[in-house]
Number of protein chains: 2
Amino acid sequence: MSSRMQTDVAKDQLRELILDGTYPSGARLTEMEVAAALEMSRTPVREALRALAADGLVRPSGRGVVVAALDRDHLDEAYQVRAALEALTAELAATRQSEGRIAPADLVALRDVANETAAVTAEGRFADAVRLNRRFHRLIAELAGNSMALLTLERIWDQIQVSTLRSLAPPSRPAHVSGQHEDLVSAIILGHADEAAKVARAHVLDTRTVTNSKGEPA
Amino acid sequence: MSSRMQTDVAKDQLRELILDGTYPSGARLTEMEVAAALEMSRTPVREALRALAADGLVRPSGRGVVVAALDRDHLDEAYQVRAALEALTAELAATRQSEGRIAPADLVALRDVANETAAVTAEGRFADAVRLNRRFHRLIAELAGNSMALLTLERIWDQIQVSTLRSLAPPSRPAHVSGQHEDLVSAIILGHADEAAKVARAHVLDTRTVTNSKGEPA
DNA sequence: CTTGCATCCATTGCATGCAATACATGCAGC
DNA sequence: GCTGCATGTATTGCATGCAATGGATGCAAG
């Protein structure tokens, strides 16, 4: 049964196509179109679309579904939830580290990703930067050892990503963001749970301000 | 389209049956059984089961699905996420209150539910207490005005509820719990955001300890 | 040129058929 | 009596047919 059903294939492929902007937000998808594109029947496509709707990536709109985008208010809400959860994962990761339950190699990997993210951002490779940034935050969530938090965050990240795709802008202060990442890594490595939580929350809310405000001056 | 499809009916009914213990955790459900019980074909049932699986209420298990229960570790994870999110909603609700954006009647309603919860708990009507307790927490999430947080919490509440159904035990210190509810209501009414967050987090983690520990003495 | 309405048809929601398959059952060998 | 394998069967995953529906289209009236 677990042999990757077509439903799963369809869901993963559609998710990918939505998150990389091939199907931009607002695009209308019909079962038959997608079925034709993925060369399968309507049934698995239908199930995939419903699953994506449950994840908030598409939204039923009259006939068929459209790729969803959060409006400004809902995007703000998503960032608030994300901030709360990333504060949690950062805190948990730092705590585990202070208890010696995190492998040094994992911390090295985390720092490497942070550095790589800073590098590609500085180079202006924004698509790569988005991917690495997300990987950075996911690594922390994984270090937290809370699968429920990770799962919940993945859903929220997806929604934020699809909602901010069109404004695929560089951070206004790349060095600032990289510095925050660095601070977060340090707090985790040092096992400072409260500090890690504080930095993580501030970082997420800061990111929200940058990507989601009209004209916040530096 | 929005005219309550059979898929939705099936999902809601099954969710209800699972949450009230009619289908206890571990019970195996087959598409055909459910289809017969709900008097519809396999297709909408199938979609409902997949939706419930995405919500974590059932889990595919070989042929068919079984009603899911979180093991001790995952239940702990769920409580951590819940604590983080309820701290957020309490904080947001208090903030809105301090900004005068909450109708007095809503606060009265909140206090009423808290009192009623305390009353039925004291009376030993535990099933009612569970329902009211959940309503209490949901009211706060609604006052927070963050639909994403509310949605996320609903999912987690569902999973916790189905996982703790069998131990439908009274809180070991009902007055203690009621006092925490009271403190939370007060913090929100006074608009003390930080305090509300702190109390909410502590309350959830306290609940976890009580319901999820082996033999914590009173 | 715009507005209202009737018609049409694309598209969905649901039912059902069919093949694949995982699990249970029972039998043989040890 | 226990273990391993073969066979049978229940149940799924997917495809497809059919009726319902709602949005688009075109026409007529103002």
Side-chain angles (χ1 to χ4, degrees), chain A residues 1-18 22-69 71 151 159 162, chain B residues 1-18 22-69 71 151 159 162:
Chain A
M1 182 292 262
S2 307
S3 52
R4 288 205 67 61
M5 300 169 296
Q6 308 222 57
T7 297
D8 297 329
V9 175
K11 185 187 172 187
D12 290 349
Q13 297 220 354
L14 281 177
R15 175 176 172 277
E16 206 56 44
L17 291 171
I18 290 171
T22 304
Y23 290 133
S25 74
R28 177 159 173 267
L29 300 180
T30 70
E31 293 178 6
M32 288 189 304
E33 277 170 11
V34 176
L38 301 185
E39 294 178 299
M40 57 183 69
S41 83
R42 283 174 49 217
T43 304
V45 169
R46 175 186 182 70
E47 289 170 1
L49 288 179
R50 282 177 168 279
L52 291 172
D55 287 345
L57 285 190
V58 302
R59 158 177 55 87
S61 167
R63 310 262 89 173
V65 302
V66 298
V67 177
D71 60 31
L151 191 78
Q159 289 187 66
V162 65
Chain B
M1 181 294 265
S2 306
S3 52
R4 287 203 68 62
M5 301 168 294
Q6 308 220 58
T7 297
D8 296 329
V9 175
K11 185 186 173 186
D12 290 348
Q13 297 220 355
L14 280 176
R15 176 176 172 278
E16 207 56 45
L17 291 171
I18 290 172
T22 305
Y23 290 133
S25 72
R28 177 158 175 266
L29 300 180
T30 70
E31 293 178 5
M32 287 189 306
E33 278 171 11
V34 176
L38 301 184
E39 294 179 300
M40 58 182 69
S41 82
R42 283 174 49 216
T43 304
V45 170
R46 175 185 183 70
E47 288 171 2
L49 288 179
R50 281 177 168 279
L52 291 171
D55 286 345
L57 285 189
V58 303
R59 158 177 56 85
S61 167
R63 312 263 85 175
V65 303
V66 299
V67 178
D71 60 30
L151 190 77
Q159 289 187 66
V162 64

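Throughout, protein chains are lettered first and strands after them, A, B, ... in sequence-line order, and every chain is numbered starting at 1. Computed from a predicted model, the values in this text were never measured in an experiment.
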Visitor: Side chains of B:Arg63 and B:Thr30: does their closest heavy-atom pair fall under 4.5 Å?
Guide: no

Visitor: Between B:Arg28 and B:Ser61, is there a donor-acceptor pair closer than 3.5 Å when you use the side chain of the first and the backbone of the second?
Guide: no

Visitor: Report the distance from atom CE of B:Met32 to atom C1' of D:dT12, rounded to the nearest whole Å.
Guide: 9 Å

Visitor: Do you know the tightest heavy-atom contact between B:Ala68 and B:Ser25?
Guide: O-CB, 3.9 Å

Visitor: If you check the B:Arg63 side chain, which of C:dA10, C:dC23, D:dA15 turns out closest?
Guide: C:dC23

Visitor: Among B:Val58, B:Val67, B:Leu49, which residue satisfies the side-chain contact (heavy atoms from CB on, under 4.5 Å) criterion with B:Leu14?
Guide: B:Leu49

Visitor: Taking atom P of D:dA10 as reference, at what distance in whole Å does atom CG of B:Leu29 sit?
Guide: 19 Å

Visitor: Near DNA chain D, under 4.0 Å by heavy atom, which residues of residues 46-58 of chain B?
Guide: B:Arg46

Visitor: Whole-Å distance between D:dA15 P and A:Leu38 CG?
Guide: 11 Å

Visitor: What's the separation between atom CD in B:Glu39 and atom CD in B:Gln6, rounded to the nearest 0.5 Å?
Guide: 10.5 Å

Visitor: Taking N or O atoms only and anything under 3.5 Å, show me the protein contacts with nucleotides 16-18 of chain C, one pair per line.
Guide:
unit_1	atom_1	unit_2	atom_2	d
C:dT16	O4	B:Thr43	OG1	3.2

Visitor: What is the distance from CD of B:Glu31 to C1' of D:dG13, rounded to the nearest Å?
Guide: 8 Å

Visitor: Measure the distance from CE on B:Met5 to C1' on D:dT21 and round it to the nearest whole Å.
Guide: 13 Å

Visitor: D:dT12 P sits how many Å from A:Arg4 CZ, rounded?
Guide: 21 Å

Visitor: I need the minimum non-hydrogen distance between B:Gln13 and B:Leu38, along with the two atoms involved.
Guide: OE1-CD2, 3.4 Å

Visitor: Rounded to the nearest angstrom, tell me the gap between atom NZ in B:Lys11 and atom C1' in C:dG13.
Guide: 17 Å

Visitor: Within less than 4.0 Å of OP1 or OP2 of C:dC14, is there a side-chain N or O belonging to B:Thr7?
Guide: yes

Visitor: Quick one: CD on A:Glu47 to OG1 on B:Thr7, what's the gap to the nearest 0.5 Å?
Guide: 10.0 Å

Visitor: Starting at CZ of A:Arg28 and ending at C1' of C:dT11, how long is that distance when rounded to a whole Å?
Guide: 8 Å

Visitor: Salt bridge or not between A:Asp55 and A:Lys11? Use side-chain N to carboxylate O under 4.0 Å.
Guide: yes

Visitor: Can you tell me how far CE of A:Met5 sits from CG of A:Asp8, rounded to the nearest 0.5 angstrom?
Guide: 4.0 Å

